[in-house]
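To start, the structure itself, in structure tokens.
Protein chains get the first letters and strands the later ones, always in sequence-line order, with residue 1 at the start of each. This one's a predicted model, so the numbers in the text were calculated from it and none came from an experiment. Every heavy atom of this structure was used, including side-chain atoms; hydrogens, water molecules and symmetry mates were not.
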Amino acid sequence: MNLIIFSGLLGVVMMFCGLFIKNNRTISYIAIAAMLFLLLVNTIEFTTGNGFFTIKAAAGLLQPSKYGLLVNEILLVAGILYFVLSGRDIEKVGVHVADYYALIFFVFAGIGIATSYTSLLMLFLGIEIISIPLYILTGADKLNLKSNEASLKYFLMGSFSTGLMLMGIALIYGATGSFAVFKMNIAETPVTYNMVAGMLLLLVSMAFKVSAAPFHFWTPDVYDGAPTVFTSFMATIVKVAAFIAFIRVFEGSYSSLNKKWQLVIAIIIAATLLIGNITAVFQQSVKRMLAYSSIAQAGFMLFGLFAFNDLARQGIVLYAAAYSFATIGIFSVLIKMDDHTFEGFNGFAKKEPLLAGLLTVFVLSLAGIPLTAGFFSKYFMIAGALSTGGTYLWLIILAMLCAAISVYYYFRIIQAMYFKTGEAEHTAVSVPFKLTLVLVAVLVIVLGVMPQVLLQYIYF
Amino acid sequence: MNNDLQLAWLVPLFPLLGFLINGLLRNTLSKKLTGIIGSGTILLSFIVSVWMFIQVKNGNTHVANYFDFISVGSLSIPFAFQVDQLSSLFLLIITGVGFLIHVYSTSYMHEEKSNDFARYFSYLNLFVFSMLLLVLGANYVIMFIGWEGVGLCSYLLIGYWFKNTAFNNAAKKAFVMNRIGDLGFLIAVFWIINQFGTTTYSEIFRQLPGGVNTGILTGITLCLFVGAMGKSAQIPLYTWLPDAMAGPTPVSALIHAATMVTAGIYMIARSNIMYSLAPTTMSVVAVVGLATAILAATIALKQNDIKKVLAYSTVSQLGYMFLGLGVGAYTGSVFHVMTHAFFKALLFLGAGSVIHAMHHQQDMRYYGGLKKYMPVTHLTMLIGCLAIAGIPPFSGFFSKDEILVAAYAHSPILYYIGLGGALMTAFYMFRMYAMTFMGTHRSDLHHHHPHESPMEMTVPLIILAILAAGAGFLGIPELFKADSHWLSGFLEPVFKQSNTILSEHHVSHSTEWILLALSVGLIIAMIVWAVRKFSKYQLLEEAATGFGKVLENKWYVDELYDAVIVKPVLGLGSFFNTVIEKSGIDKAVNGVGRLVQFGSRKFRLVQSGNVGNYVLMMVVSIILLIWMVFYLKF
Amino acid sequence: MLLLLLILIPFLAGTLVFFLPTPAIVKSVAFIASLASLAIVLYAISLPHNHAMVSYSTSWIGALNSRFSLAFDGAGKITSLLTAVSFPIIFLATWKNTYKNANQFYGLMLLTMAGLMGVFLATDCLLFYFFWELALVPAYFLCSTWGGERRIPVSFKFFIYTFVGSLMMLIGIIYLYNKTPDQSFAWSSFTRAVLTPKEQAFFFWFFFVAFAIKMPIFPFHTWQPDTYEQSPTATTMVLSGIMVKMGVFAVIRWLLPLFPQMSTNMAPLVITLSVIGMLYASLIAMRQDDLKRLVAYSSIAHIGLMCAALFVKNQSGYEGVLIQMFNHGINIIGLWIVIDLIEQQTGIRKMSQLGGLATKAPTLAIMLVVVALANIALPLTNGFVGEFLMFNGLFQYNIWYAVIAGISIILAAVYTLGMIQKVFYGESNEALVVKDLRSNESLALSLIIIMIVAFGIFPKPLLQLTQQGLNGIISFAVK
Amino acid sequence: MPINYYIYLAVILFCIGVTGVLTRRNAIIIFMCIELMLNAVNLLLVAFSKMHHARALVADANTTVGTEAQLFVFFIMVVAAAEVSVGLAIIVMMYRNVHNVDINFLNRLKN
Amino acid sequence: MNITQLLFWFLSVVSVFSAIMVITRKNPVYSVLYLIIAFFAISGHYILMNAQFLAIVNIIVYAGAIMVLFLFVLMLMNLNKESEPAKNKYLVWSGAVAGGLLMFVIIAALHTGEVEQVNGITKGNIGLIKDLGVSLFSEYVVPFEISSILFLSAMVGAVIIGKKEKAKHS
């Protein structure tokens, strides 16, 4: 609750900052401070279990859970890192810097809803509050046709998927007579055809939001076209939030419909992994490659939905952290590069050994190499899936093969940086930037060596 | 443990020290010192061997355990030496002949640079060391160590002049062919371990007879025999030996005539009980031996290289030894090993002396009339030829006769064929003798001044000549004098068990007399023919034709092997390398990568950039999902 | 505690080295760290089997019930000894080589060492997997950065290939973990995992493929010749001397105890593959002109024998493999040192262009001959003992396997002697400038040769070392 | 009326909307079709709301069951209004840049 | 067939017909007008179901405000001609087929379900403004307030996107 209210308020504050403060840098600092404040209030709620506000009316609609709050924590940390690393670049997108920040804070309000809703109404509102600012941020670079195009595509397809979601919700309502998520639990309500069709449509629309194949088509284009700073935000924080929302929807209902859903989700996972990984292989632009890689990573995260057990829940948290941190790190460096293709990284290690080293850590994490957080996140996903039995072994093998394919394109960055010669042109980076990036890398490695640092909070 | 023979380790120790000193200090030692160390260590070994021989003769035999070489579970292979009649006899031959040849070498190799000279002696010492290990080993594994060790030294010495590619090829060929045999040996060792749980001779033989069924014994012995084929140059693995003549002549004398090549005979004699219990193998051994004897003899008839003649003669004589083993005349074979060691070493060293005199000219067609230039060499060579031809009372007569008579007792056909070989032996040896020493000299004397070799070379010749002439008296057949076969008596403990198993058939004295007379008569006739034919030999540049050509080209066996084995194997290698490896497996592996890239190129076309298409595909997916969930009964 | 040090010393030294300025200091630190590891290994070996100092366990990932536990058993002893012995020798032999960014090179080498030590010591399956990958990553960087012309695609293929295998193993690990009685990654729990025969048959291959690629076994070997050819020699030494032993080691430590029944059932297939690989690799080795590729293929042949001997499941085979792991590691490092010298001094690796080096570099020639002879398992060299035992094991399993595999002995002689002949013998090529050994190289080679001869004549210390841990394996293997 | 009729009607309208999205290229019309889809959903929700309400009335005359769906429809309208403002802004922005509202006109992002 | 049923059928036919017209008219302005008709028909359905509040809101917000906005934009862009270029024939057909198929599949899927015969669908007064208002400001005050964030962001967005930028930020 704290997060929703305060980030809404802070969004407004940021809007007004735009009016009164002309210095973009100051706005950025205020935004960072605001984000720290959000982290603080969320931490208070997380540790004490109580928000500052008790709203009786919210009882059936929002129910903050430890799990959701933990995810919020991660996302807020990621948000702070994102602001610190990419604040300068947000300033460069356009003139409405304060408004961009305001929109981002609104998105965080949406995230707060998405991680704590118990009613499909709130899910709908949360998703929309997340989506609408993103349509705008995507199109923030107004004179750039790519940005225009991405924005339009995102908006049209996003609205379309909203339509699908609403249809699904309506059908579910028809079957259960309620929007409460727990009502979807089949133990409470008999399975009807309405219900199944509704859940299917809901599944589809949520799959769209997390860019799971075959509903992923918007992702590469939008991520590619959007200003890189906002791609970074969308591909990490927003995506994770969408995942949490996705999982909350099906948490209650899923187990009872297990077998059928498992196959459906297995097919989606397989398609996502294959399309994401294979298409990424041939990309020339790192940005677009990262877009496909985010699809591929979504495939892995979907295992959490596939398995729905403790391991998978832990895995989702870990994955959220590992994936967000690493991707934010990579994007923050990518933004600084003049050339966003792989060739643009040629010889980077010679010019910026530290940045190259950190980038390597992030890339290794995304590839799931041990000693980085990426390994354990993948590990938990696979372990969760395997503990449901051996029926879907083919899927797991496929996932592993895809992980191997992912090494192919991730390592192209490493190859370009270290083994190829060239002049990697980039804008200069500040020392705080480097220090923050080091911090991110340390986080990635710590989670990769001792994941319990994070996992212990799930059940404490 | 208090047995004096525990000191058997001294015997191989000296050559090993010689090897190490000569090898490590090769750049600092003078040639003289090298020679002294090289020969001296062998002499010391010889002295110890003599001492041990006396001990053994007095009835003291011993198995000396030193340490566990390999010990795995129930299998324990000690590093142990066995000193008994057989091994002590071989020790004497090896160290004795070896010493003479070392001495001979100091002169023969004198032209080498000092570090090469030292290298030569270190190899030679290492060889003696390995050979001693082979003979002394108390189990098959130690024997195998020596077995491979001598092969290695043979390789190193054949390729001693390593700048010459042909010599290197000869060395490689020798090693590889030996390895083929070694594989057989190894398999046999494993089989023995499998059957007996040990490799120690005494423990194996204790379990025989009756411990293991005949079929398995046949297998084991055949595998061992494959090993012997390689080492002792029997069909089909004999072709390396003539090529091995690429090495320095003393090496040929020591390794490829006197000692190493007889390792196969030693090994079979050592395992005689197993062989006696496997009659099939015995027949195989006999037949292979005889066939080799004849084949090599025919080839020797037409060779012009003096060393090649001797090499084929060696192969042929080894064939006789195997014939002897095959018909159960173990003592005869060992006897022949001994006499052969003397006269063949003598012949080789003599040939070496000639070659030395002729400035490394080895083609007999350019010799002739050397009698007057090299009297000592001539005389000793003549004794050697008479010995090998089997003229009484030279040693070869006794030993070869013993084998042939035993073959006759086994089957007259073997005897007649063997006799044919013996006649050929007489013919080609005296062909060589006549071409070398008789007639007139056929090369340009202005450039070649044949001269008698120095004393370091002639003294060993003389000693060997004496031995070649007189050694036969160690085994006088019963025909002449009852119980006068000293060797038979000496070796009796070793072959006792076999002799009872085989229950020798004896040839009556009258038959034996007839056979003797027949063979000696025919051999003398052959000698006369050969001498008459070749003493007036004139150098003619005409190519041999017909059968002669086949013989000159060694029955085209090398070519056959090349076509049937070498080329196909190399071809297979190329095929694997280029086709299967590069275009097959690696292509397949890379193909997976390519497939992914190809898929990537195609997949990304789906991402057409067209929102309509995207939505269409989403809708189609939804339709499929609904259809799946509702209509697919899964 | 000692075991932790074995991993920590190279790890910390490796990290430290990254920040050191001059190559000389870097080399010294690396060398000292490797020597320290050697000293610790030797001390640890001298301790009694169940001494408190030679086992280590602390909690690691509570959520998964995975512990950071290390142990020092027979197979681990021999392989960690190999690692500890090899690295100082490698550093010594390449002391005079100059590498661009020496600090990174040595840092990565030490990190590889840490990973290898971890693989050999870990008794927790997850930890094992961790180190398994960890050894791979620095090796990849080493190959890719300091390798030959085609280093980037080649080392990448190497990485992906082995990575695929590892991932398969990871599936297997997770599956088995679910089937363990107490949901733990401990070796002892894994061996008690309850699997149906079908699962066994299935997951056996998941593990085996990973190990087979690492070893490598035909037909998973194609990464290897390229990688050896393209890697910097010091890395090639690590790869061929130690890293391929990871696969063999893993079969002993994990595969056989985990799938006792299946490893018996699958043995004919595995052994057949191995034997085919031996002959195949030997035949190809005969046709190689490039020294490095020749040695690479010879290594495939040797490893094939080890793999075959592992699956015959008798003591002779096991001990042969264990002892051969060490000896082959030493021998092949020796070979690489010689080849590196030749390449550095002449700039040529093609045998057809070399020749007559024995005249110019007699000491080098002799040392190569000794090492090469050990490589073809001549008696009284260390190679013999292992091969003898392995062939013996194979024979006890089935005579025909031994006979057919034995052909590779002959082929080994052909290509090894061919190599010696082409490189060292014959008329010397005047154009080639070759100096004989320098002090550091001759010291390294001498050490290797001393080990070759010493363990060839008196292999008992090694055999005793292996015997201790073997009882455990055998009891599982025949279960 | 049987609830099914409403379901069918809503689905038909919804699918007409989908078809419109699929077949048209004018961004504004596509957007309108999406609005049509939303309206179909609204209709369905109201129908369900009445259905559940009627079912609940049997037990309790003062029941408020069904309110939530109608409010949901209200929120859908709210969101739709917000969406329209943003969507039209985006379309206008694009039109300003390229003077076209054809969705296929801008096609730089692909593959 | 009573009057309710008659009205139901009438409104259904009108709504479906105008919906089809929306997607088939070449001239966007016609589409907008047909869409408004469709919205009116749907509002009629609401009234039929005694959901008066929604019926009014639908007409005011949708048919009134939103559609006028559309129309306004269309006029602004001068798109009132049949300016839409012909879409790829196959794509149009496949789109139509896919849409039809989706309908078919969903209806078929739902058809197999048990038919809920709800009599007296017009009964009850939850659709009245008063009831909904009470509910909205008590139980549903949280989403109500939260939707203000939505509007804020839409507003900010419209400003960001709509405001003419002088020049691209250097």
Side chain from CB out, backbone as N, CA, C, O: work out which of these in B/I145 comes under 4.5 Å of a heavy atom of chain C, or both, or neither.
both
pair B/P15-B/L126: side-chain heavy atoms closer than 4.5 Å
no
Once you measure the plane-to-plane angle for B/F67 and C/F458, does it fall in the parallel (<30°), tilted (30-60°) or perpendicular (>60°) bin?
perpendicular
Contact class of B/V592 relative to chain C, heavy atoms under 4.5 angstrom
neither
Option in C/L373, C/I284, C/V414 with maximal non-hydrogen atom pairs under 4.5 Å from chain B
C/I284
Sub-4.5 Å side-chain heavy-atom contact between B/M267 and B/W147
yes
Under 3.5 Å: donor-acceptor pair, side chain of C/S282, backbone of C/M278:
yes
Toward chain B, the part of C/I457 with a non-hydrogen atom under 4.5 Å:
both
Considering only heavy atoms and a distance below 4.5 Å, find which of B/F175, B/F575, B/W191, B/F79 pairs most often with chain C.
B/W191
Is B/E112 paired with B/R119 through a side-chain N to carboxylate O contact shorter than 4.0 Å?
no
Determine the option with the most heavy-atom pairs under 4.5 angstrom with chain C, choosing from B/N115, B/N168, B/L183, B/T165.
B/N168
More than 12 foreign heavy atoms under 6.0 Å from CZ of B/F598: is that the case here?
no
Determine whether B/V150 and B/L134 make a side-chain contact, defined as any pair of heavy atoms from C-beta on separated by less than 4.5 Å.
yes
If one checks every heavy atom of C/A377 against chain B at 4.5 Å, the contacting part turns out to be backbone
Using a 4.5 angstrom heavy-atom cutoff, name the option from C/K157, C/R287, C/Q288, C/K460 with the most pairs to chain B.
C/R287
Among the options B/L156, B/N164, B/I580, pick out the one with the most heavy-atom pairs lying under 4.5 Å from chain C.
B/I580
Against chain B, work out which of C/A412, C/G406, C/S316 has the most heavy-atom pairs shorter than 4.5 Å and name it.
C/G406
Taking side chain as everything from C-beta outward and backbone as N, CA, C, O, which of these in C/I376 sits under 4.5 Å from a heavy atom of chain B? Side chain, backbone, both or neither.
both
For C/Q396, which atoms come within 4.5 Å of any heavy atom of chain B: side chain, backbone, both, or neither?
both
With only heavy atoms counted, which part of C/L279 is less than 4.5 Å from chain B, the side chain, the backbone, both or neither?
neither
Side chains of C/Y415 and C/S298: does their closest heavy-atom pair fall under 4.5 Å?
yes
Less than 4.5 Å to any heavy atom of chain C: does that hold for the side chain of B/N169, its backbone, both, or neither?
both
Region of B/S574 in contact with chain C, defined by heavy-atom distances below 4.5 Å
both
Which region of B/L152, side chain (C-beta onward) or backbone (N, CA, C, O), has a non-hydrogen atom less than 4.5 Å from a non-hydrogen atom of chain C, or is it both or neither?
side chain
Over 60° means perpendicular and under 30° means parallel, so tell me whether B/F576 and C/Y280 are parallel, tilted or perpendicular.
tilted
Heavy-atom distance under 4.5 Å between the side chains of B/R26 and B/S122, does that happen here?
no
With a 4.0 Å cut-off, would you call C/R293 and C/D226 a salt bridge?
yes
Chain C heavy atoms under 4.5 Å from B/V589: which part of the residue, side chain, backbone, both or neither?
side chain
Sort C/I160 into side chain, backbone, both or neither according to what part of it lies under 4.5 angstrom from a heavy atom of chain B.
neither
Is B/L133 close to C/L380 at the side-chain level, that is, under 4.5 Å between some pair of heavy atoms?
yes
Per-residue tally against chain B (heavy atom, under 4.5 Å) across C/Y161, C/F384, C/F388 peaks at C/F388
What part of B/F144 gets within 4.5 angstrom of chain C, counting heavy atoms only: side chain, backbone, both, or neither?
both
Any chance you could lay out the side chain to side chain donor-acceptor pair (under 3.5 Å) test for B/W240 and B/N178, step after step, and finish with the verdict?
CA-CA 9 Å; B/W240 64 271; B/N178 268 306; 4.7 Å; no
Against chain C, work out which of B/N590, B/I187, B/L186 has the most heavy-atom pairs shorter than 4.5 Å and name it.
B/I187
